[in-house]
Novice: 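Here it is: the structure, laid out below.
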Amino acid sequence: MDIAFWLIYLGVGIFVGFFAGLLGIGGGSVMVPILSLTFAAQGFSSDHVVHMALATSMATIIPGGIASAWMHHKHQAVNWLVVKQLLPGILVGTFSGAVIAHFSSTAFLKMFFVGFICFLALQMLFDLKPKSRHALPGAGGMFAFGMVMGVVSSFAGIGGAVLSIAFLTWCNFRMHDAIGTAAAIGVPLAIAGTVGFVTTGLFDKGLPQWSLGYVHMPAFAGIAITSFLIAPLGAKLAHRLPVMVLRRVFVVFLVALAVKMAVSV
């Protein structure tokens, strides 16, 4: 593999890690379009690039998610009971979403991703938050939400932080606890999604070299290493930089990147 693509993967990890720490966003929203374009530039089949981008993005969430969840746990900001209640739905939904994505067309996955990015951009731009209610739903409601979040996360290649934080805030969680619990929720979600994409990808014989199922291992390694190292720096600078201005710039960049992916891939 050309050294230039290794540099791209390392650079994506730096960019994603910095903005994840600075703005508290997941990296999948950035990784999926960049990886799609990079895989296409490497000559990978157009039938595979989006599937591989979703899978690789999901896999890179695991190491950073574990570190983040542990940090929030040490600060007693993780409600493990909620994680336990959501876990069955998350596992079923995320694995099922990966399987459905395997049988979905590239055009459908692109449309879904771009639509989700537009939703995310509006939420970030206007700082939209749901009004709080008083209690978590029952077991059925928790399972249903976990399943929906899992399917959406598989289709968009994200860790589900946006959806889980909004849900927990709606259920009257303090923002700090919602963020910490969402970080813990993201770990089993990313693991289930990765397992689903690896399993389904093993049946696809047209994937490029160094792929584990739909996960492209060089991209996974490069992004995971640098994003893990840079994320703490972004978190420290969050208190010193004009975050709202950077958030707006990031939103414009994010939408442009998603549209570029949809048109080019």
Side-chain angles (χ1 to χ4, degrees), residues 13 16-32 35 53-98 101 113 116-117 119-120 123-124 136 142-143 145-171 173-198 215 220 223-224 227-228 230-232 234-235:
V16 166
F18 177 76
F19 276 99
L22 183 72
L23 303 178
I25 54 96
S29 56
V30 176
M31 279 188 280
V32 172
L35 288 176
L54 293 172
T56 306
S57 171
M58 188 71 78
T60 59
I61 293 169
I62 297 173
I66 291 172
S68 178
W70 176 248
M71 178 189 70
H72 286 294
H73 170 72
K74 289 196 295 184
H75 288 85
Q76 298 182 333
V78 178
N79 187 320
W80 289 107
L81 178 60
V82 169
V83 177
K84 181 180 177 181
Q85 290 174 324
L86 287 172
L87 187 60
I90 286 173
L91 295 178
V92 172
T94 311
F95 186 85
S96 300
F113 181 80
F116 184 82
I117 289 302
F119 161 77
L120 177 60
Q123 192 272 335
M124 290 181 63
L136 292 163
M142 294 292 276
F143 180 86
F145 175 75
M147 198 162 117
V148 170
M149 182 171 64
V151 171
V152 171
S153 296
S154 290
F155 282 1
I158 61 170
V162 173
L163 298 177
S164 52
I165 290 173
F167 172 72
L168 294 172
T169 303
W170 180 62
C171 293
F173 271 58
R174 293 187 309 120
M175 181 56 70
H176 185 70
D177 294 338
I179 292 172
T181 304
I185 290 169
V187 175
L189 189 154
I191 292 173
T194 301
V195 170
F197 278 116
V198 168
V215 178
F220 165 75
I223 294 171
S227 63
F228 184 81
I230 294 297

Novice: Does a sphere of radius 6.0 Å around CE in Met147 hold more than 12 heavy atoms from other residues, nucleotides or ligands, not counting ones at 6.0 Å or beyond?
Specialist: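 No, because the 6.0 Å sphere around CE of Met147 holds 12 heavy atoms or fewer from other groups.
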Novice: Between atom CH2 of Trp170 and atom CG of Leu136, what is the distance when rounded to the nearest 0.5 Å?
Specialist: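 If we round to the nearest 0.5 Å, Trp170:CH2 and Leu136:CG are 9.5 Å apart.
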Novice: For Phe173 and Ala178, which heavy atoms make the closest approach, and how far apart are they?
Specialist: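 Between these two residues, the closest heavy atoms are CB-CB, 4.2 Å.
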Novice: Return the minimal non-hydrogen interatomic distance between Pro188 and Leu87, and the atom names on each side.
Specialist: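 Heavy atoms only, the tightest pair is CB-CD1, 3.5 Å.
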Novice: When rounded to the nearest 0.5 angstrom, what distance separates CD1 in Ile90 from CE in Met142?
Specialist: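 Interatomic distance, Ile90 CD1 to Met142 CE, rounded to 0.5 Å: 8.5 Å.
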Novice: Which pair of heavy atoms, one from Ala101 and one from Phe197, lies closest together, and at what distance?
Specialist: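 Looking at all heavy atoms of both residues, the shortest contact is CB-CE2, 4.0 Å.
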Novice: Does any pair with a residue in residues 177-189 pass side-chain hydrogen bond (donor to acceptor under 3.5 Å, both in side chains), and if so which ones, sequence neighbours excluded?
Specialist: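 Listed once each, the pairs are Arg174-Asp177.
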Novice: If you compare all heavy atoms of Thr194 against all heavy atoms of Ile62, which two are closest, and at what distance to 0.1 Å?
Specialist: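 Heavy atoms only, the tightest pair is OG1-CD1, 3.6 Å.
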Novice: Do you know the tightest heavy-atom contact between Gly180 and Val78?
Specialist: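 Heavy atoms only, the tightest pair is O-CG2, 3.4 Å.
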Novice: Do the side chains of Met58 and Leu189 get nearer than 4.5 Å, heavy atoms only?
Specialist: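 Answer yes - side chains close enough.
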Novice: With side-chain contact (heavy atoms from CB on, under 4.5 Å) as the criterion, how do Thr56 and Met31 come out once you've worked through the C-alpha distance, each side chain's angles and the decisive distance to 0.1 Å?
Specialist: CA-CA 9 Å; Thr56 306; Met31 279 188 280; over 6 Å; no
Novice: Which heavy atom in Val187 sits nearest to a heavy atom in Ala69, and how many Å separate them?
Specialist: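 Answer, listing the atom of Val187 first, then Ala69: CG2-CB, 4.3 Å.
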Novice: So how far is it from Thr169 OG1 to Ile179 CD1, rounded to the nearest 0.5 Å?
Specialist: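 So the gap between those two atoms works out to 8.0 Å.
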Novice: Determine all donor-acceptor pairs shorter than 3.5 Å in which one atom belongs to a side chain in residues 151-168; sequence neighbours excluded.
Specialist:
from	atom 1	to	atom 2	distance (Å)
Ser153	OG	Met149	O	2.8
Ser154	OG	Thr94	O	2.7
Ser154	OG	Gly150	O	3.2
Ser164	OG	Gly160	O	2.9
Ser164	OG	Ala161	O	3.3

Novice: Can you check whether Leu54's main-chain N or O pairs, donor with acceptor, with Ser57's side chain at less than 3.5 Å?
Specialist: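 Answer holds: no.
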